[in-house]
Amino acid sequence: MSLARQNYAAASEEGLNVQLNMELKASHIYLSMHSYFQRADQALPGLAKFFKVSSDEEREHAQMMIDYMNMRGGKVVLQSIVAPEVEWGSAKNAVEFTLNLEKEVNKALLKLHGFADSNSDPQFCDFIEGNFLNEQVEAIKKLSDMLTQLNRVGADGLGLYLWDQELLKSLEH
């Protein structure tokens, strides 16, 4: 056992390992989406960039969790990541999938917070609250807005092109 371990429950450690693997899985999925929308037959640079940024953020979250785990004296257990889809069908399908995935991630974070709270670990609660919960709510709102907009502009054509260009501009600031 690590000398650094103090007031760090096994359930919290297990939960954090599940969560960091979920973050890595999400990163892998978003990287696949980035690649899909960057392809010449899709040519949606706004979505490609959005998913590249999202992939990087998820990987950063996993790294933060790894660093935290090591600081608390836990052991990181990385799992195999199943290969994601390579064909996403449409912008709407990808954004809808992403919205559902982010809701799953948020649900898992809330469960993890529950482990921390039930084990009287305010440091762990603070780590989750300060680094992840608000960002998840903001991501769910953004994706909900994106899906609503995609429903308005249609699945293909000029509307989708203009929507994607606006997304690209918003990411450049």
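We use all heavy atoms of the structure for the numbers below, so side chains are in, but hydrogens, waters and symmetry mates are not. Fair warning: this is a prediction, and the values are worked out from it, not measured in the lab.
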For residues [X] and [Y], determine if any side-chain heavy atom of one lies less than 4.5 Å from a side-chain heavy atom of the other.
| X | Y | answer |
| --- | --- | --- |
| Leu160 | Trp163 | yes |
| Asn17 | Glu14 | no |
| His34 | Tyr30 | no |

[X] side-chain N/O to [Y] backbone N/O, donor-acceptor pair under 3.5 Å:
| X | Y | result |
| --- | --- | --- |
| Ser35 | Leu31 | no |
| Asn21 | Val77 | yes |
| Asn106 | Val137 | no |
| Asp126 | Pro122 | no |

message: Under the rule for salt bridge (charged side-chain N to carboxylate O under 4.0 Å, His left out), what residues qualify as partners of Lys103, not counting sequence neighbours?
response: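 Residues passing salt bridge (charged side-chain N to carboxylate O under 4.0 Å, His left out) with Lys103: none at all.
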Passing candidate, side chain to side chain donor-acceptor pair (under 3.5 Å) with Ser27, options Glu58, His61, Glu57, Arg59: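 With Ser27 as partner, Glu58, His61, Glu57, Arg59 yield a single side chain to side chain donor-acceptor pair (under 3.5 Å), made by Arg59.
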task: Among Gln149, Lys142, Lys141, find the one that has a side chain to side chain donor-acceptor pair (under 3.5 Å) with Asp145.
output: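 It is Lys141; the other options fail the test.
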task: Over 60° means perpendicular and under 30° means parallel, so classify the ring planes of Phe37 and Phe51, tilted if in between.
output: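 The rings of Phe51 and Phe37 lie parallel, inter-plane angle below 30°.
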task: Check the angle between the aromatic planes of Phe132 and Phe127 and answer parallel, tilted or perpendicular using the 30° and 60° thresholds.
output: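 Because their plane-to-plane angle is over 60°, the rings of Phe132 and Phe127 count as perpendicular.
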